[in-house]
K.L.:
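Right, I'll just put the structure down here and ask away after.
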Amino acid sequence: MKQFQFDYENEDHLISNLKRIKQWCNSTITSGILFQIYTEVLSKAKIESICDTIERIIPDSLYMGASTNGNILMGDKSKNDISIVCTVYEYPSTKIKMLQYPLDQTKAKGVVQSLLDYVDKNPWVKSITTYTTMRGMSMTEYCDDLGLLPKNIVFCGGGAISEDINETEAFVFSSEGPISDHSAVFLLTGGEDYYVKTMHVTGWKPLGRYLKVSKASGPILYELDGKPAYETYYRYLNIKNDENFFSNTLEFPFLYELNGMDILRAPIASNSDGSIVMTADVAEDVQARISYGDPWTILESVYNTAVSFQDFIPQTFTVFSCAARRTFWGDEKVGNETKPFQSLAPTSGFYTSGEFLRTGKYINQHNVTLVIEAQREGDITGLPIPQIEMDTAEFTGNVSMINRLATFIQASTEELEEANRLLGKAAITDELTRLFNRGEIQRRISEVTKNGRSKGSHGRLPLGASLIMMDLDNFKKVNDTYGHKEGDIVLRKLADMLKKIVNTTCPGGYIGRWGGEEFMVLLPNANKEKASSVAEAFRVNFSSLDFPNAPSQTLSLGVTEMIAGETSDIACMRVDDALYEAKRSGKNKVIIN
């Protein structure tokens with residue numbers, strides 16, 4: 001595999017480079033020639049002229065391209081507005097194929113199906129690289145459908161954009177289709193001597209506590225924790241809703257888990273209703289956190305990713321980097337995160353409106369992310385491992401102040417969340433037995449009865465949920481004769497026994513201390529027959545327990561099945577009546593009401 005990279009200066013310069021490439025190809029064996037054209041210029045006439053020249057001089061080549069927010073050439077941000085990369089595949093077994101389809105929300109499923117059909121008929125395909133337009137589209141369902149591609153196929157790519165990120169116009173094109181503002185281009189590559197590997201870099205650190213995305217639709221984030229999303233940026237970061245909103249929030253995108261991995265979404269604008277426009281769809285009901293872009297952490301992540309590519313011994317890298325990363329770094333420093341890959345192999349690509357990457361069985365749309373695709377042909381046995389050229393002193397010595405503060409904030413947040421969790425647990429737990437207290441077990445009984453009423457059930461139909469209420473027989477004698485310490489031991493051993501039996505026989509049941517020596521058990525998925533057998537297990541097992549000083553003890557128990565339409569108070573009164581009858585009629589028995 002051989003690669004040529006150059007900037008477009010004028011027609012004569014282009015022709016000169018094409019003739020040089022053609023001469024090289026004529027001197028060796030080639031299986032495919034691919035041109036990738038990246039343009040910040042939205043002039044279709046100029047792009048068509050370039051494509052025509054390529055077709056005229058190297059007619060058997062394929063080409064693909066996209067409008068960009070900037071071009072990456074030789075591992076750095078190009079100063080020219082049009083860049084061209086030519087990759088020559090040398091192994092006879094390597095195959096390349098170009099596909100282009102019109103794409104919008106109505107055509108998305110058809111595009112995916114056409115791609116699936118082609119791959120099904122061509123098992124040589126190992127990787128698919130896409131350039132796509134995204135304007136007016138939700139990419140979530142599209143990515144979900146693309147996930148149906150065979151799991152062994154690598155998938156990555158980038159969304160077309162313009163040099164001005166506020167400009168809506170963007171296009172893609174290829175040797176198989178026209179310059180289009182609503183299309184997807186796919187490069188399919190494979191063969192027995194072709195190898196590909198992909199990875200991604202974010203480098204943004206999560207900050208603070210989790211926030212629930214309580215309301216979102218597509219790329220519009222309406223509410224976090226039930227409040228307008230903008231309030232989060234104003235409260236925690238003092239970012240105002242003005243013309244500087246995008247630049248001020250760029251360092252603080254949202255990070256949340258999607259399909260088992262961390263995904264970033266950057267705010268673009270804040271609306272008058274307090275909602276925020278994000279760079280892509282945001283899932284509802286997920287837990288998200290604000291994250292911070294720290295150059296120290298980003299470069300460390302870049303270095304570690306580059307290290308992971310060393311043993312692969314790549315021959316080329318294609319990089320899809322979010323336009324937000326270019327804005328974050330600025331043009332003078334943005335190459336800091338792509339140059340390390342250039343030290344391993346020729347590196348090119350473009351700044352995108354969104355990045356696509358397959359991880360496991362899922363294809364995700366990323367933002368504020370660096371997606372890297374490495375390629376090579378042939379066996380690497382005996383080849384030297386390439387070395388990374390990168391100044392690591394900046395992040396292998398002293399940790400940056402921002403990084404330390406972010407770590408401190410995160411650790412403090414986790415400690416506070418744990419303290420709140422323990423406080424919340426204490427508020428619903430009986431201190432002696434570690435079971436639910438009366439207030440909590442009552443609340444859970446009420447939930448079951450409310451659910452029964454909400455389903456519209458009438459006619460006193462059984463709910464398939466039951467209550468067991470129990471009381472220790474003659475427990476006052478234990479306290480009076482052996483002391484309250486021994487009485488506490490009896491109650492704790494009873495609680496442990498109840499938990500063990502419920503977990504074994506009725507997982508999902510709830511146990512609470514009703515008061516003193518009375519206990520209540522809620523079995524949401526047990527009718528009265530099942531509940532009575534559980535109650536009998538309680539009675540028999542408790543009577544066989546040994547205590548340090550007190551003799552064996554017994555239980556009286558009442559059982560009832562909850563009825564649709566009744567209140568929790570009525571259900572509790574009925575099970576209390578059953579317990580009273582057990583006590584009145586001789587104790588140490590189970591009565592069903």
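Throughout, residue positions are numbered sequentially from 1 according to the sequence presented.
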K.L.:
Ignoring hydrogens and angles, write down the donor-acceptor pairs under 3.5 Å from the side chains of residues 213-223, residues two or more places apart or on other chains.
P.N.:
from	atom 1	to	atom 2	distance (Å)
S214	OG	E223	O	3.4
S214	OG	G226	N	2.8

K.L.:
Can the positive tip of R265 be found less than 6.0 Å from the middle of the six-membered ring of F254, inside 45° of the ring normal?
P.N.:
no

K.L.:
Side-chain contact, heavy-atom cut-off 4.5 Å: T232 with K227?
P.N.:
no

K.L.:
Are the side chains of R209 and Q287 in touch, meaning some heavy atoms are under 4.5 Å apart?
P.N.:
no

K.L.:
Any sub-3.5 Å donor-acceptor pair from T279's side-chain atoms to A266's backbone N or O?
P.N.:
yes

K.L.:
Answer yes if the ring centres of F436 and W514 are under 6.0 angstrom apart, and no otherwise.
P.N.:
no

K.L.:
Between R574 (side chain) and E561 (backbone), is there a donor-acceptor pair under 3.5 Å?
P.N.:
yes

K.L.:
For the residue pair S138 / D281, report whether a side-chain donor-acceptor contact shorter than 3.5 Å exists.
P.N.:
yes

K.L.:
Consider side chain to side chain contact (heavy atoms under 4.5 Å, CB included). Of L522, V521, N593, which one does L467 pass it with?
P.N.:
L522

K.L.:
With a cut-off of 6.0 Å (strictly less than), are more than 12 heavy atoms of other residues, nucleotides or ligands near CD of E141?
P.N.:
no

K.L.:
Would you say the ring centroid of F252 lies under 6.0 angstrom from that of Y292?
P.N.:
yes

K.L.:
Side-chain contact test, heavy atoms from C-beta onward, threshold under 4.5 Å: evaluate it for N364 versus L357 and give yes or no.
P.N.:
no

